[in-house]
Every structure is written in C-alpha cells, then in structure tokens.
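To start, the structure itself, in structure tokens.
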Protein chains: 2
Amino acid sequence: MITIYDIAEKAGVSAMTVSRVINNTGRISEETRKRVRKVMDELHYIPNALARSLVSQKTNLISLLITDITNPFYTTLARGAEDAAKKAGYRLLFANSDEDYEKEKDYVDMILSTRVDGVLFAPAGDHSHDNLLQLQKHQIPFVVLDREIPGIDADVVLGDSKEGARNLVEHLITQGHQRIALVNGSQDVSTARLRYIGYNEALQLNGITPDDSLVLHIGYRDFHDETALHELLQLDDPPTAIFAANNMLAVGVIQSLRLRGLQVPRDMSVVCFDDFGPAGAINPFLTVASQPAYQFGKLGMQLLIERIEGEASDASRRIMLPSELIVRSSTQPL
Amino acid sequence: MITIYDIAEKAGVSAMTVSRVINNTGRISEETRKRVRKVMDELHYIPNALARSLVSQKTNLISLLITDITNPFYTTLARGAEDAAKKAGYRLLFANSDEDYEKEKDYVDMILSTRVDGVLFAPAGDHSHDNLLQLQKHQIPFVVLDREIPGIDADVVLGDSKEGARNLVEHLITQGHQRIALVNGSQDVSTARLRYIGYNEALQLNGITPDDSLVLHIGYRDFHDETALHELLQLDDPPTAIFAANNMLAVGVIQSLRLRGLQVPRDMSVVCFDDFGPAGAINPFLTVASQPAYQFGKLGMQLLIERIEGEASDASRRIMLPSELIVRSSTQPL
DNA sequence: AAATCTTGTGTTATCGATAACTCAAAATTA
DNA sequence: TAATTTTGAGTTATCGATAACACAAGATTT
C-alpha cells in the first residue's frame, strides 16, 4: 500500500510536506506542491482514512441501525438517511436488528468499537433502553427514530401514531363499520401503544364501546399468530373491518384471510399504518396512513449531524411528522 | 476515551499485558488476568477498532454497493449479504449508486480510503468497468453482483436473464399473445441485453418475427419515458402484452396504462422480471420471473469472504442462479 | 549446584497520518 | 547594513493498539 512516506521519499520532501499538500494547510511553494501532486498521481495515492481518524478522532462514519431492511418503510427511511449523510460527507455503516434486542446489542458493541461519529437508531422497542444507555455512557451522539423509548432523553423523529390511527379508524366508522379489530404490534413499542390509544379514542368519540376481544397484540415483524386471527373470526359478533398496525401485519392479515377464502374488501375491510413504497405502487389497493419515511431518515440524519458537529443546543429536540390518510380500495361501506 | 493505557496504569501492568488479556494471546498469570479484566469492566473499556485495524491491516468492513435500496430486489439482496457478513464477523458499509456512474465513482473513492476488506459490487452497468478497475488496481477483493461487466475478470453472481426472459415470453405466447412489447433497461447493462436476447429467442422459437418497433430501451431505474409507451400503444398493430425487464419498469408501465384508462390484464397483459418482496405479497398480482435475491447477497458475500480470507483459488468463479416463473393474474389469454 | 527451560511480563518499534514546534534562508524593514 | 519578519520547509511526539524481542525469576533437569 502506498503511504505518505512513499510519496515523500519519491518527491524528495518530508512526510509532513506531503500531508500539507493533501490538506492544503500550511505554506508550500508552488513548485513543491506540483512535484508532490505529480508523485501522488503517479503512485495512485489514496490517504488512509484509518490513520487519519486515529489522529483526528473522527471517522466520518454514521451507523444506521434499523429493525428490518426488508420493510419498505425502513428502506425509504434508509434512503433519506443516506442521501443526507452523503451530502454532508459521511458514510453509512449499516445494521439490521430484526426487532431483536440481542442482535441490537451486538450491533451496539460493534458500533462502539468502530468509533462511529454518531448513530441513527430505530430501536426495537422499550428494552432498547439499555442499548441506548450504553451509547450515552460512551458519549456517542445519537438520534432515535420512529419509536420513543421511555427513560431516554435524546433527539427523536416520530410519526404521529395516535392521530394516524384515529384517522384510519374514523374512516372505517364513516363507512359504517362498528366491529373493528386491531391487529397490533407488541405493547413494548411506543407506536403500538399509541396506535391502540388512537384506535380506542376514535371508537369512543363515535359512541362505540371498545371491546378488547377485538384487539390482538402480536408484533410488527411477522404475522405468525394465525390462531389469534382465527379466534377473532369465530366470535359471535365478528369484526367487519381490521386495522393492522403496520404494513407487514397487513400483509399477514390479508394472506390469512385469503387462505380462509375471505376477500378484501368484499368480506372484510382492511386498513393499515405505513405504505408499501415504490413496489406497492403496482397495485395500490390498501387504505393506509402513510408516513413520510424519507423525511424520517433525512431529518433524523440532519439532527444527528448537527449534534455531531456541535451545532445543536443541549436540549433534545423532538420532531413529530404527520401521516397522510390515503383512501384506496381495501375498505367497503358496510 | 478509555484506552489500553488507562487500563494498564490502573491495573499496574504494561499496555502489552492488557493487550494480551484482551486477545487471549501469550502467557498471563491467572491473577493478573483477573485484575486486568476487572479494571476493564470497571472502566467500560472497548478496544479501538481503528487502532487495531491500522496495525492488522484489516478492518472487518465490507462495502455493499448497490444501485437502488428502494428496489425490493436489492433490499432482499442486502439482507442476504448482511446476514452472511454478520455471521463471519464483518460489518457492512453501505452505498447506493442510483445507477449513476459518477455517484458510483464517488463511493469507490470513499471505499478505497476507508480500506475496507472487500466490496460486494452491484454495478450500474458496463461503464462501471473503470470503477471496478480502480478497485483491482488497489487490490481490493470484490465480487460482482447481478450484472456482468465486459472486460472485468472477477467472481460474479448472476441470474439467468436469458432463460427467465424466455420463460416469461413463452408464457405469454402460450396464452395466445403474438404482439408482445419489451420495455427494457438500458443496453449498457448485461441483464438488459440478455433479456432482449431471451425475448427474441422465445419469439423466434415460436415462429413469431421479432419487431423492434415493439422494443423500448429505457433504463431500469425510472419509467419516465411516457411518450415512448404512448407511441407503442398508437401503433397500427399495438401490443396485447408487455414484458417489463424489471419490477420498477413494470410499476411504471402499469401506472401509465392506468392513467390511460387501460386495465391489467383486461386490456393488456403484463409480466416482468423480479418479484416485489414481502410488500408485494399483499396483493400478488403480477406474473414474474422471480430471482432468488437473498441468495444473490448471501452467496456473493460468501464468495467475497472466501477471497478475503485467502480460501479461494485464483481462478474467478461464476455462479448463475435460475429464476422461477410465478404465474399470477396479470396475464390473460387472448 | 550449575545449566537449562519455562513463565510472566516489560520495552521498543510500528501501522499512516497530523499537530505542534523548530529553524534556516530569503525578504522586508529600520 | 543590521534587525526583523516571512516563507518554506523539517523534526518530534502522538493517536491506540500489537508484533517482535528481551529478560528476570522461578522451576526443572543434569
């Protein structure tokens, strides 16, 4: 590997002079500068970022930790984060926690040893608390995305889960539905709690008494709990509409319904949180509360970079982004 | 930041002894080991990967360069790559080229300065040649994914584009279609060329004379060339089916058709290469040649890691993965 | 008891770059 | 012309870790 010393020797100067040429610092005569530049080109020299970072204590690396890169919400978020990072000269170190606290912890350890400048952290849930605390203890700047973690005071970019849920449920009520089921994420995730609250609020505001036998707490990632849905459908007074608390749950619900010979919206209306990204545009079909995923990533990254570069005040900031109700064809008036 | 010297001082030993404890190398008395361990825990010591890498000349970083993280094919591929990387103790440095050679070049420069151990490279197209050569010149191991680059001799994981295209077109022919259009990627991408060949072969094998006025060369990334599609539909003898060369093009085609009041499959049959990932499962609708995207990432990463760790022979390897024809409801017998 | 080996640990140099300081020669000022 | 300032470099120490070598004290062999 070509180092600064190779350049120095061949150009007949000291390493420091080469360093000065590279960084355009200090005083260098035009003649020397040209000679060094020429040798650098000839040898295809590229500065070693490791050595640089060791001195400067800055890696220009930002870790993006998300729960599922396969989910279009996070994919679009990642895109926003990457664009903003690139613009500011940061590279992205990528990690996928799979909504699994242990995997998340592994990655936090990796992150700490890598000495990244900051972390854009979409936590798996409330128990991410310890992992975030670990970052705090080591004074790594971070911004929390999508889910609020009780007990962690940090910059955070959230969606308005309560309002989004309310809008979806009210849309169903407007169409005449009264028995509305909620297939929710795990209760140790803030968004799932808020969507549950929004769901209940919408029902009560419209004079419908919430019925907890219509509420399933499953988990955002996979819809494997077929039996729970089955029980829901076997009720004396079964739901006529289902609110899935995120896009992946909606996929599972619809697939299960299909397996049972039930069609959406003919036999069951379905709505959900989060849209399906570009891929979903082939056949826009589900009525959703669409969150501005790209903005989550972009704004989160901007907050983070401000923090890293010391341009942010000490107080932690909180951005709440609205979701948009997009009515499509997965709901039908009762 | 806590360093090995802080630990050494507090434990009353030399830095080297601490290093030995960390790495379980050399001879250390049980007593000293315990003492050092205790101090390490107390101070929450985490080794600095930068310093380590500088000495060992190994970063345990692998760069994943793809063209579009928003495309479920690459997303699933990334997932496969990440899982394989994590298993082998590598972290992933992420980059998105947007099918843009300049952006790709920028990232290659970043990659080189970061001293990654290897690159998993999904090239934008034939002109990625220079960027790959750049890696070769600096002796960075890499594996090429999805697209073959003329003039570059390297490990590569490909899909069988020709056969996949043939299968899709033959499926359409079986249904009675004779006027089949191809909306293709740019001709400087190997998969687009092969899909074009497969398309022609299928037509000829079935006694249909290929008609180049039915073939559009657009670009995989965006479907913005509305006028081209318009002309296609205005032909005296317009197509009754469209083969979109990838999933994103299919989305564009279907949206455009919809804007013109044309429905799939009633007014036009549509098939495409690549499936839509988990999100597409809500409403499986398009007939596709589905590529094993996860395997692309996983196998590519395995090849790469073998190369990095010197377990691979010098000869470059070439893996060709078949695609699977999945017939759904976007095609209709004529 | 002397010679040899083993054990446990320390010292020094190094990875590639840069910050901080130094200093001779040239240019400018008094 | 002597004193001072500016210019264009070079030297040394440092970032945090590890490889290679050195070495004293204790254990083992002859």
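Every heavy atom of this structure was used, including side-chain atoms; hydrogens, water molecules and symmetry mates were not. Note that the structure is a prediction, hence the values are computed from the model and not measured. Note on naming: letters A, B, ... go to the chains in the order of the sequence lines (proteins, then strands), and numbering restarts at 1 for each one.
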Looking at [X], I'd like to know whether one of its side-chain N or O atoms comes within less than 4.0 Å of OP1 or OP2 on [N].
{"X": "B/Q57", "N": "C/dG16", "result": "yes"}
{"X": "A/S19", "N": "C/dT18", "result": "yes"}
{"X": "B/R27", "N": "C/dT7", "result": "yes"}
{"X": "B/T32", "N": "C/dG8", "result": "no"}
{"X": "B/T17", "N": "C/dG10", "result": "yes"}

Nearest-Å distance for atom pair [atom1]/[atom2], residues [X] and [N]:
{"X": "B/E31", "N": "C/dG8", "atom1": "CD", "atom2": "P", "result": "11 Å"}
{"X": "A/I2", "N": "C/dA17", "atom1": "CD1", "atom2": "P", "result": "10 Å"}
{"X": "B/K58", "N": "C/dT14", "atom1": "NZ", "atom2": "P", "result": "25 Å"}
{"X": "A/M40", "N": "C/dG16", "atom1": "CE", "atom2": "C1'", "result": "14 Å"}
{"X": "A/L54", "N": "C/dC15", "atom1": "CG", "atom2": "P", "result": "14 Å"}
{"X": "B/I4", "N": "D/dC15", "atom1": "CD1", "atom2": "P", "result": "14 Å"}
{"X": "A/L43", "N": "C/dG16", "atom1": "CG", "atom2": "C1'", "result": "15 Å"}
{"X": "B/M1", "N": "D/dC15", "atom1": "CE", "atom2": "P", "result": "11 Å"}

At under 4.0 Å between heavy atoms, what does [X] touch on the DNA or RNA strands: base, sugar-phosphate, or nothing?
{"X": "B/S14", "value": "base"}
{"X": "B/V18", "value": "nothing"}
{"X": "B/T3", "value": "sugar-phosphate"}

Modelled atom types, side-chain donor and acceptor of A/N24 and A/R33, under 3.5 Å:
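Present: a donor and an acceptor within the cut-off.
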
Quick one: which of [options] gets closest to the side chain of [X]?
{"X": "B/N23", "options": "D/dG16, C/dT18, D/dT18", "result": "D/dT18"}
{"X": "A/I28", "options": "D/dA9, C/dG16, C/dT18", "result": "D/dA9"}
{"X": "B/A51", "options": "D/dG10, C/dA17, D/dA17", "result": "D/dA17"}
{"X": "B/Y5", "options": "D/dG16, C/dG10, D/dA9", "result": "D/dG16"}
{"X": "B/M16", "options": "C/dT9, D/dC15, D/dA19", "result": "D/dA19"}

Checking B/D146 side chain against B/L158 main chain: does a donor-acceptor pair fall under 3.5 Å?
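Absent.
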
Which heavy atom of A/L92 sits nearest to which heavy atom of A/A81, and what is that distance?
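Taking A/L92 first and A/A81 second, the nearest heavy atoms are CD1-C, 4.4 Å.
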
For B/R35 and A/A49, take the nucleotide of DNA chain C holding the closest heavy atom to each; which residue's nucleotide lies nearer the 5' end?
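Counting from the 5' end, the first nearest nucleotide belongs to B/R35.
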
Taking for each residue the nucleotide of DNA chain D bearing the nearest heavy atom, is the 5' side occupied by A/R20 or by B/I22?
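With A/R20 and B/I22 compared, the 5'-side residue is A/R20.
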
If you find the nucleotide of DNA chain D closest to A/G12 and the one closest to B/S56, which residue's nucleotide is nearer the 5' end?
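Looking at DNA chain D, the more 5' nearest nucleotide goes with A/G12.
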
B/Y107 six-ring centre to A/K86 NZ/CZ under 6.0 Å and within 45° of normal:
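Geometry flag: set, cation within 6.0 Å and 45°.
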
What pairs with B/S186 under side chain to side chain contact (heavy atoms under 4.5 Å, CB included), at least two apart in sequence or on another chain?
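Testing B/S186 for side chain to side chain contact (heavy atoms under 4.5 Å, CB included), a comparison that skips the adjacent residues, returns B/D188.
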
Quick one: which of B/V119, B/D117, B/V116 gives a side chain to side chain contact (heavy atoms under 4.5 Å, CB included) with B/L61?
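The single option meeting the side chain to side chain contact (heavy atoms under 4.5 Å, CB included) with B/L61 is B/V116.
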
